[in-house]
There are 2 protein chains.
Amino acid sequence: MKSTYSYNTGEEIYGQGKAATYIYQVVNGAIRISSKLTNGRRQIGAFYFSGDIFGLEPSIRYRWSAEAIVDATTVRRVKRKALLRKAQSNLSLSRSVWSITERDLLHAEGHRILLGQFTATERVAAFILQMNNRIGVNGEIVLPMSGTDVGDYLGLALETVSREHAKLSDTGILLRTPSRWRRGLTLRRPESLRAMLPPLSALDLSPISGKVAQTIFSSKT
Amino acid sequence: MKSTYSYNTGEEIYGQGKAATYIYQVVNGAIRISSKLTNGRRQIGAFYFSGDIFGLEPSIRYRWSAEAIVDATTVRRVKRKALLRKAQSNLSLSRSVWSITERDLLHAEGHRILLGQFTATERVAAFILQMNNRIGVNGEIVLPMSGTDVGDYLGLALETVSREHAKLSDTGILLRTPSRWRRGLTLRRPESLRAMLPPLSALDLSPISGKVAQTIFSSKT
DNA sequence: CGCCGGATTGATCAGTTTCAAGGCATGTGG
DNA sequence: CCACATGCCTTGAAACTGATCAATCCGGCG
């Protein structure tokens, strides 16, 4: 039995509307989940990085698609049915699975306040802070996703995202390292970014504790 | 021990940031949950009607405020701690509580696609359809919430909501019964509204089954 | 060297917000 | 019982934010 699966940029791990057979964990690389609408509109629901669990949905069908956003992204997976069956007789496992739904809810709620109320400037500031928390190494952030993806996550046109970056660069809050293959940012003054946000902006996908992940992915299925 | 609690329009049931002591069920009337930002901005997260459960949060503090939107709204409640303790040794109760988090997640996800991608016209159409499903009596809808509330739920100015209603009224899809105390709408052609929406728009707060509610609110606490 | 794919920048456009005034049912006081 | 006040909704006009359209740039690669 294979224990990990590998995908290149743009490859689909599962599709919106398909039977929700597996629950996944990112081993390496990065994933986006997205929902397509008419007119080419697309909403990205979240980005997932190493260690993050995704694909657990309160429905028998996936309500998002999942695609790799960097080459050689690898994931583990467990069968949804088997997991839920085990959880029916195992309280601690049941609690672990519930905690993933809770994390998704926390994230979705932060995200919808961003989408409903934040200005373009605030959205981009919140995004950079979030990425700094999750994948930044003391202020150095290498964004794995394209500008289009950032825009679709923030509900903005990619040009608007670019312009906001330019503004932050002008004020010296941000330093850009332009390169097609390494979208690099250096966050000079994180506190200036934080000051631009409305208070109580908890947008982060709080990481799932390793213990939870281990409970769920303990056996290869 | 009192078994229900009553509130008038605008009265707060719990406040954002306060200790999350109780989980509630609407017995009669209607509730909104809202989150205040700076600049007077406000996002309404959901409206709850008779039978709906609200206030279960994945956190020890409430992340929304809850207020009654009609006079003499009554609610039941149970202690969060006691409920969670019981759920730790009761698999079916645990599953019931989890299903509420799942419902909230489904709603939040539909809502954020609306906020991130829908035009003003689509938002208002989706809202009317949702309200028709939840509190409409074959096409007759009496909205309990003010225009401001609708706007803050949809991420629109109240004037925009009013103008969209006017457009729907002009095309004969909607009939308005103007009155300060009875915000009445008659939905003439629901299928025309549905045709205005992007496909796969599942925005409804799916009702919690009576069985789940009964499991949770079986004893007064 | 020249192409390719994304990012940037500029100019214009459109949808929505904001500001402002008026309307219309309901409630209150003379 | 009428006149006026109240609170919300509606309507109009102007302003603005962000989107769209379009051109150019820039690094990496064939």
Side-chain angles (χ1 to χ4, degrees), chain A residues 8-10 32 37 39-43 69-71 114-128 141-170 174-185 196, chain B residues 8-10 37 39-43 69-71 114-125 127-128 141-170 174-185 196:
Chain A
N8 283 329
T9 304
R32 67 166 179 250
L37 287 84
N39 293 78
R41 287 178 288 181
R42 187 183 63 150
Q43 180 65 50
I69 52 179
V70 302
D71 285 341
L114 178 144
L115 293 171
Q117 302 296 334
F118 283 21
T119 63
T121 306
E122 290 167 342
R123 292 179 200 207
V124 171
F127 183 74
I128 293 170
I141 313 167
V142 178
L143 293 180
M145 70 290 285
S146 70
T148 311
D149 282 351
V150 177
D152 286 348
Y153 178 69
L154 297 178
L156 297 171
L158 64 105
E159 293 94 332
T160 306
V161 174
S162 179
R163 276 184 253 268
E164 293 298 335
H165 279 201
K167 281 204 280 176
L168 291 172
S169 189
D170 288 349
L174 206 62
L175 198 76
R176 292 190 285 179
T177 316
S179 153
R180 180 134 81 90
W181 305 116
R182 306 160 72 68
R183 280 170 276 247
L185 298 177
M196 299 168 68
Chain B
N8 283 330
T9 304
L37 287 83
N39 293 76
R41 287 178 289 181
R42 187 183 62 151
Q43 180 65 49
I69 52 179
V70 303
D71 284 340
L114 178 144
L115 293 171
Q117 302 295 334
F118 284 20
T119 64
T121 308
E122 290 167 342
R123 292 178 200 208
V124 171
F127 183 76
I128 294 170
I141 314 167
V142 178
L143 293 181
M145 70 291 286
S146 70
T148 311
D149 282 351
V150 177
D152 286 348
Y153 178 69
L154 297 178
L156 298 172
L158 64 105
E159 293 94 330
T160 307
V161 175
S162 178
R163 277 184 252 266
E164 293 299 334
H165 280 201
K167 281 205 279 177
L168 292 172
S169 188
D170 288 348
L174 206 62
L175 198 77
R176 291 190 286 178
T177 317
S179 154
R180 181 134 80 90
W181 306 117
R182 307 162 69 71
R183 282 169 275 245
L185 298 177
M196 300 167 67

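Sequence lines set the chain letters: A, B, ... in the order given, protein chains first and strands last, and positions in each chain run from 1. The structure presented is a predicted model; accordingly, all values stated were derived computationally and were not measured. The analysis underlying the following values was restricted to heavy atoms, covering all of them including side chains, and did not include hydrogens, waters or symmetry mates.
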Going through the distances and angles, do B/Arg176 and B/Leu185 end up as a side-chain contact (heavy atoms from CB on, under 4.5 Å)?
-> CA-CA 5 Å; B/Arg176 291 190 286 178; B/Leu185 298 177; 3.8 Å; yes

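Regarding A/His165, its NE2 atom lies at a distance of 15 Å from the C1' atom of C/dT9, rounded to whole Å. Regarding B/Lys167, its NZ atom lies at a distance of 11 Å from the C1' atom of C/dT16, rounded to whole Å. Rounded to whole Å, the distance from CG on B/Asp152 to P on C/dT16 is 17 Å. Nucleotide D/dC8 holds its C1' atom 12 Å from the CG atom of B/Asp149, rounded to whole Å. Atom P of nucleotide C/dC24 and atom CZ of B/Arg183 are separated by 19 Å, given to the nearest angstrom. Put simply, CG on B/Leu174 is 11 Å from P on D/dT10, counting in whole angstrom units. As a whole-Å value, the separation of B/Gln117 CD from C/dT16 P is 13 Å. Distance B/Ile69 CD1 to D/dC8 C1': 15 Å, rounded to the nearest Å.
For the pair B/Thr148 and A/Thr160, both in contact range of DNA chain D, the more 5′-proximal nearest nucleotide belongs to B/Thr148.
A search for salt bridge (charged side-chain N to carboxylate O under 4.0 Å, His left out) contacts involving B/Arg163 returns nothing, not counting sequence neighbours. A/Arg41 is linked by a salt bridge (charged side-chain N to carboxylate O under 4.0 Å, His left out) to B/Glu122, counting only residues two or more places apart in sequence or in another chain.
When distances are taken from the side chain of A/Ala157 to each of C/dT16, D/dA19, C/dT18, the shortest belongs to D/dA19. For A/Leu156, the listed nucleotide lying nearest its side chain is D/dA19; candidates were D/dA19, C/dG6, C/dT16. Across C/dA7, C/dA20, D/dC8, the shortest atom-to-atom separation from the side chain of B/Glu159 is found for C/dA20.
Within the nucleic acid shown, A/Leu158 comes within 4.0 Å of at least one base atom, counting heavy atoms only. Counting any heavy atom pair closer than 4.0 Å across all strands shown, A/Gly155 reaches sugar-phosphate atoms only and no base atom.
Between B/Arg176 and D/dT10, a side-chain N or O to OP1/OP2 separation shorter than 4.0 Å is present.
In this structure, the side chains of A/Arg32 and A/Asp152 stay at 4.5 Å or more apart for every pair of heavy atoms. Contact annotation: the side chain of A/Leu175 never approaches that of A/Thr177 to less than 4.5 Å [non-hydrogen atoms, C-beta and beyond].
Evaluation of atom-type donor-acceptor distances gives no pair under 3.5 Å for the side chain of B/Arg163 against the base of C/dG15.
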